[in-house]
Structure formats: C-alpha cells, structure tokens
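Below is one structure; the comments refer to it alone.
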Amino acid sequence: MKKTYSGRYFEILEKRKNLPVWVHKEEFLKTLKENQIVLLVGETGSGKTTQIPQFVLEAVLNENPSSGPKGKKWLVGCTQPRRVAAMSVSRRVAEEMDVEIGDEVGYTVRFEDCSSSKTVLKYLTDGMLLREAMADPLLGRYKVIVLDEAHERTLATDLLFGLLKQTLVSRPDLKLVVMSATLEADKFQNYFTGVPLIKVPGRLYPVEILYTREPQRDYLEAAINTVIQIHESEPPGDVLVFLTGEEEIEDTCRRIASKLGDQVNVMPLYSTLSPAMQQKIFDPTTDAVRKIVVSTNIAETSLTIDGIVYVVDPGFSKQKLYHPNTRVESLLVSPISQASADQRAGRAGRTQPGKCFRLYTEKSFKELEKQTYAEILRSNLANTVLTLKRLGVENLLHFDLIDPPAPDTLARALDDLYHLGALDDECNLTKTGEMMSEFPLDPQMAKMIIVSPQFNCSNEILSVSAMLSVPNCFIRPRGEGQKAADKAKSMFSHIDGDHLTLLNVFHAFLQHNQNQDWCYENFINYRAMKSAVNVREQLVRIMSRFQIKLCSPDFNSRDYYVNIRKALLAGYFMQVAHLERTGNYLTFRDKDDQVVHLHPSNCLEYKPEWVVYNEYVLTSRNFIRTVTYIQGEWLVDIAPDYYKPANFPNSEAKRVLQRHCKKRRLSEERSCKIF
DNA sequence: GAGCACTGC
C-alpha cells in the first residue's frame with residue numbers, strides 16, 4: 001500500500017474516528033487476535049460495515065506482511081445481503097483508504113467483478129461467497145471472513161454459517177467475524193458456543209414510540225388518518241408510511257393527496273417502480289411542503305431516506321411462505337416481528353429526534369415474534385439442497401444450521417431432486433446434478449437447459465429461461481393505457497402458451513436492436529429485457545464451460561415450437577395440470593392434487609387438456625401462471641419413471657395416462673416385431 | 001379476469 005496519502009484522506013480519517021465503533025477498536029483487535037470467531041453487535045449508525053473490515057485488514061497485513069496462498073495476497077471478505085450495498089460500501093471504503101475501487105478494495109456481485117490481483121479487502125454478496133465456496137470449499141484465499149447483517153438471516157448467510165463452522169475446524173488459521181444489528185446475539189452465541197461478544201451502540205436520535213389505545217380494524221384507514229393528523233398537528237418533518245404492496249400504496253397515495261392536496265408531496269416507493277421515480281424520493285423537500293413517502297418494506301433495509309421525522313407503522317408486510325405438501329410458495333400479508341418494528345421506528349431518527357406511530361397496541365407489540373422467521377424456514381429448499389450437496393455436505397440432517405428446516409420441506413426437496421436426476425438412490429450428487437448446481441437457477445430450469453440439446457433447441461430454452469428469471473416484462477398501466485397495453489401484448493401472443501410468448505418478446509427485442517423506444521411503444525419493460533439479455537449471456541458462459549451444445553431447430557419447421565414445448569416439459573414435468581370434465585384444472589401429482597385456475601394473464605385462446613406451468617401462486621385463488629400447452633403422451637415419453645400410473649391415485653388424469661402408457665407399450669411391441 | 005414484499009447466484 002502506498003505510503004503517502006492525500007489531504008482528503010486525513011480529512012476523512014478524522015470523521016471516521018468519531019464513529020462509535022472506533023471507541024472499541026483496540027478491544028476488537030485484541031479479541032480477534034485471541035479468538036477464531038468474534039461476534040459484534042452494532043446498531044445502525046455505529047459504522048461497523050465500513051470500519052470493522054478495515055480494522056481486520058490492518059491486523060491481517062500486520063501479521064502477514066508478505067506471503068499469501070500460492071504467492072497471492074490474503075483476502076479479507078465482507079458479505080452483504082444486497083448487491084447495491086456491496087457496491088456502495090466498497091466504494092466508500094476505497095475512498096476512505098485513498099485507493100481506486102477495484103485495486104486494494106473491491107467488490108464482487110453477480111454480473112460484476114470489480115476486484116483484481118491487488119485486492120486485499122473485498123465486499124461481496126452472501127450468495128457470491130457461497131458460489132466461491134463451491135469452487136473452493138476451504139475458501140483458501142481468505143484470511144478473515146466478515147458476515148455482515150447476520151440478523152437478516154438470508155438463506156445464503158445461513159448456509160455460510162453452517163459451512164464456515166465446518167471450515168473453521170479444518171482451517172485453524174481462518175477467522176470469522178459475525179456482525180449483527182440486533183441482539184439476537186444469544187442465538188448466535190448458542191450456535192458458536194462461548195464466542196466473545198462486543199457491543200457497539202449506534203448513533204440514532206431518540207425516537208418516541210406511540211401506540212394506539214385500541215387495536216385498529218382497518219389499518220389503511222388508520223394510516224391515512226394518522227398521516228393527516230401528523231400533518232395538521234406536528235412540526236415540519238417528512239413522513240414515512242409502511243404498507244404491503246404496490247396497489248395498496250398507489251391507492252393510499254391517491255387518497256392522501258385528495259385529502260391534503262398541495263400542502264404535501266405524496267410519493268409511492270416500491271421495487272418495481274422505475275429508478276427515475278424511486279430517485280424522486282431523495283429530492284430535498286422545500287420547507288413549505290411536507291414529503292410523505294408511502295413505501296413497502298424496501299424502505300426498511302434497502303433504501304434509506306434522510307429527513308424522515310415521522311414513521312407510520314401499521315405492523316404488516318408481505319412475507320413468503322412455503323407449504324411443502326402442496327409445494328406452493330405464497331405471499332401473505334402477515335404481522336411483522338418486533339425487530340422489524342424497531343427497524344422501522346429507527347427510520348424516524350436518522351437526522352433529528354423523531355416519532356413513530358404504531359397503529360397497534362403495546363400489548364400487540366409484545367405478542368409479536370421477536371425476530372422474523374429465517375428465510376430457510378419459509379422457502380422451497382430444492383435449490384438449497386442442491387447447493388449443499390455440491391459443497392460436499394453428505395448428511396444434510398447432520399449439517400449444523402442455526403434453524404434447521406422442517407423435515408417435510410427437506411424430504412420434498414430431496415424427492416424433487418431425485419426425480420430430476422440430480423441425486424441417485426443413495427442421495428449422492430449425479431453428474432447431471434453437478435452441472436445443475438452450477439446454474440444460478442432453480443433445479444427444474446437448470447435441468448431443462450441441460451437436456452434442451454436433445455430437443456435441438458438450447459438457444460430458445462436459454463432465452464425462455466432468461467425471460468423467466470427477470471421481472472415481468474409486460475407493463476400494464478392502470479386506467480387509460482390498459483387497453484393499449486393489452487393490445488400490444490396480444491401482438492406477441494403465441495396461441496400455445498406463455499413461455500412461447502416470452503420467447504417472441506425476446507426475439508422481437510433483439511430484432512429491434514434492444515431499442516428502448518421500441519419497448520416504450522410496445523409496453524415492454526426495458527430494464528427487464530436488458531437484464532434478460534444479461535442473464536442469458538451468463539447462462540451461455542456456463543453452457544460453454546460444460547460444452548453443452550447451442551442449437552436451434554429450423555424456424556420454418558413445423559416442429560420448431562413442438563421441440564421447445566417438449567424441452568419445457570423435460571424440466572418442469574412435475575408441474576403439470578390436467579383439464580377435468582368439470583372444466584377445472586387439477587394439478588397432476590403423486591399426492592395432494594389441487595384445483596387450480598389459469599392465471600388471467602395467460603395468452604391461451606382455448607383450454608388445452610394438458611398444460612405445463614412455471615409457477616403456482618396463491619393469491620385470491622389458486623393460480624398457475626405462465627402456462628403452455630403440452631401433449632399427454634409426452635409425459636410418458638419424456639418422464640417415464642415419474643409418470644408410472646401406479647404412482648398416482650385414481651383420477652381422470654390417471655386414466656388418460658394409463659391409455660398413453662398402453663399405447664406406448666403397443667407401439668414398442670409392434671416395433672419389436674418388425675425387427 | 002388479476003396483480004407484483006424483498007434479496008441473491
């Protein structure tokens with residue numbers, strides 16, 4: 001590292017030294033020296049994310065002045081749950097250390113590696129470190145790993161916990177720092193028995209918490225009234241209201257605006273909002289007009305808005321839930337946890353003392369869960385199990401996780417992977433499974449891609465996969481534009497299904513040279529399309545690594561779309577529904593079949609007897625979304641082991657399946673006689 | 001005939 005620093009360096013250094021975490025620098029370094037694992041609890045504003053990794057780096061460089069593994073430099077890695085955070089924090093730290101980003105300080109996130117052979121401190125997403133661990137389970141280049149925001153308990157962070165717990169045993173020279181914003185620390189301390197804990201206070205202004213006297217029946221009504229009340233009786237200061245979803249937010253914005261008019265500036269905030277609209281949130285307010293931001297959970301952790309003095313918290317958010325029996329993931333409006341409520345309240349005290357209006361009673365608050373359930377307890381684990389297998393975990397039940405998932409969920413995941421050919425009878429990873437694990441996709445999709453050359457359509461399947469991996473590309477404005485949007489969409493529609501429609505959109509986007517105006521005119525989300533192109537490129541790179549053929553059927557051939565539909569089924573054969581005589585679709589499964597409805601966004605002009613679907617969503621009804629027509633006999637051709645009639649309970653679909661099986665047997669016998 | 005909390009590889 002260079003010896004002379006710029007004036008700016010010393011200027012920033014003085015500011016850094018005022019951060020609360022600096023008071024604990026010596027204590028931290030001493031503890032790190034004497035222990036393999038250190039737990040640090042630092043509240044918002046303590047400076048832990050930027051400073052601790054620098055402290056660690058200083059120690060590593062002092063103790064290992066020259067050598068690293070294979071002549072390379074030792075690395076300090078710091079994980080973040082979000083890519084924006086990894087990028088922005090590393091930029092900040094590079095500035096503090098007076099170096100160019102990508103040199104001594106860098107970051108690695110999906111689609112972007114801004115690090116080099118010079119890099120000694122690297123910020124990366126938790127998912128990225130997990131990927132690195134797949135290639136090198138001992139994480140040989142790292143000397144210290146810092147797991148930041150551990151309290152968020154993302155799936156990737158939880159897996160890293162389990163993995164590092166093993167790695168630390170085989171690599172006594174590797175150290176781990178766990179950083180958490182809340183004191184769920186006892187949970188971590190139980191997990192890593194006897195680990196020292198350092199507590200650093202945050203720097204937030206006091207936030208007064210107000211509860212309602214009675215529980216509120218209608219939280220929207222209550223939220224709107226509270227905003228009006230704040231506006232009429234509280235001193236200047238911006239307001240942040242937490243709601244659960246896009247429609248609710250847009251609706252509430254309109255209602256507030258109609259009541260308060262020009263006196264306030266009401267703005268919505270959610271992830272699918274265009275970046276330009278999101279940016280508006282950060283425009284400074286004029287003194288005369290109060291800013292009112294109505295937001296989803298995105299403002300709880302991902303985005304920080306300065307100048308918020310009042311927070312309105314109805315106490316709900318949409319949360320993902322997984323039911324292993326029906327294999328359905330659903331988004332459900334649910335009460336938040338105490339930790340979440342406290343995090344929301346903290347948003348009021350970033351620039352001056354604030355107030356948080358909780359639209360529930362103090363008693364209700366005390367009845368809330370302390371922490372939000374870890375993601376691993378609320379997810380389909382097929383992909384997780386595949387990752388663990390790839391990391392060399394032999395017995396999943398013995399893998400030490402902070403919160404072990406339900407046995408049902410685990411069993412379901414193993415079962416799915418077995419049917420996909422990723423695991424053998426003894427639960428070992430197969431060659432196919434190994435390849436599947438390299439794709440940053442769900443197992444069905446990875447399988448579909450791997451076998452697509454057999455249907456001579458890997459190019460098309462890659463495009464469809466990319467489209468399925470990004471947010472919905474169809475824009476549908478409320479009110480006026482709706483009809484025009486639907487008409488534009490119908491231009492892309494393929495009568496046999498939504499997957500093929502997505503393919504049409506992708507092809508059209510490329511034909512129009514990825515033109516943004518073309519997207520605008522056709523009600524297509526440009527950002528989604530660009531990111532699909534990006535995803536596809538990444539998938540192509542993985543394909544070439546495994547030398548999987550890139551090929552297309554003849555576009556003018558009658559079988560062009562047939563091949564693609566067959567390839568879809570080769571991955572998603574466990575997600576098939578059959579049209580019953582009642583006119584309803586029934587999922588066709590070994591157990592727990594469900595009545596489902598085609599999602600109204602589908603582009604089919606008729607109801608085919610059999611469909612393959614991309615996802616099952618539980619909202620106002622049971623919907624299957626993104627569906628494509630398939631032939632019943634393909635089930636027997638493409639997944640004969642899974643579609644043995646004996647595996648299924650009696651049903652209309654089973655009788656049809658039996659007929660197909662019989663026909664297949666007969667044709668096989670006939671062909672035997674010929675030879 | 002309806003919706004899309006949020007991340008991430």
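Chain A is the first sequence line, chain B the second, and so forth, proteins listed ahead of strands; every chain is numbered from 1.
Backbone-only contact: A/R625 has heavy atoms under 4.0 Å from sugar-phosphate atoms and none from a base. If you check every strand for non-hydrogen atoms under 4.0 Å, A/V109 touches sugar and phosphate atoms only. At the heavy-atom level, A/N472 lies under 4.0 Å from base atoms of the strands shown. Note on A/Q319: nothing from the nucleic acid sits closer than 4.0 angstrom, heavy atoms only. Within 4.0 Å of A/Y270, counting heavy atoms only, lie sugar-phosphate atoms of the nucleic acid but no base atom. A/R82 comes within 4.0 angstrom of the backbone, heavy atoms only, and of no base. Looking at heavy-atom distances under 4.0 Å, A/T296 makes contact with sugar-phosphate atoms alone, never a base. Across all strands, A/R476 comes closer than 4.0 Å to base atoms (heavy-atom distances). Residue contacts for A/T244: at a heavy-atom cut-off of 4.0 Å it reaches the sugar-phosphate backbone alone, with no base atom in range. Nucleic acid contact class of A/F439 (heavy atoms, under 4.0 Å, all strands): none.
Between A/F623 and A/H599, the ring-plane angle classifies as perpendicular under the 30° and 60° cut-offs.
Ion pairing of A/R153 with A/D403 is present here, as a side-chain N (NZ or NE/NH1/NH2) and a carboxylate O approach within less than 4.0 Å. Under 4.0 Å is where a charged nitrogen must lie from a carboxylate oxygen, and between A/K122 and A/E132 at least one such pair does. Under a 4.0 Å N-O distance rule, the pair A/R358/A/D342 qualifies as a salt bridge. Classification of A/E152 and A/R82 as a salt-bridged pair holds, one side-chain N sitting under 4.0 Å from a carboxylate O.
The 12-atom threshold is not exceeded at OH of A/Y373, counting heavy atoms of other residues, nucleotides or ligands nearer than 6.0 Å.
Taking for each of A/N297 and A/T125 the nucleotide of DNA chain B with the nearest heavy atom, the 5'-most of the two is the partner of A/N297. Heavy-atom distances to DNA chain B give each of A/K320 and A/D126 a nearest nucleotide, and the one nearer the 5′ end belongs to A/K320.
When DNA chain B is scanned in the 5' to 3' direction for atoms under 4.0 Å from non-hydrogen atoms of chain A, the outermost contacting nucleotides are B/dG1 to B/dC9.
Here the CE-CG distance, from A/M491 to A/N504, works out to 11.5 Å after rounding to the nearest 0.5 Å.
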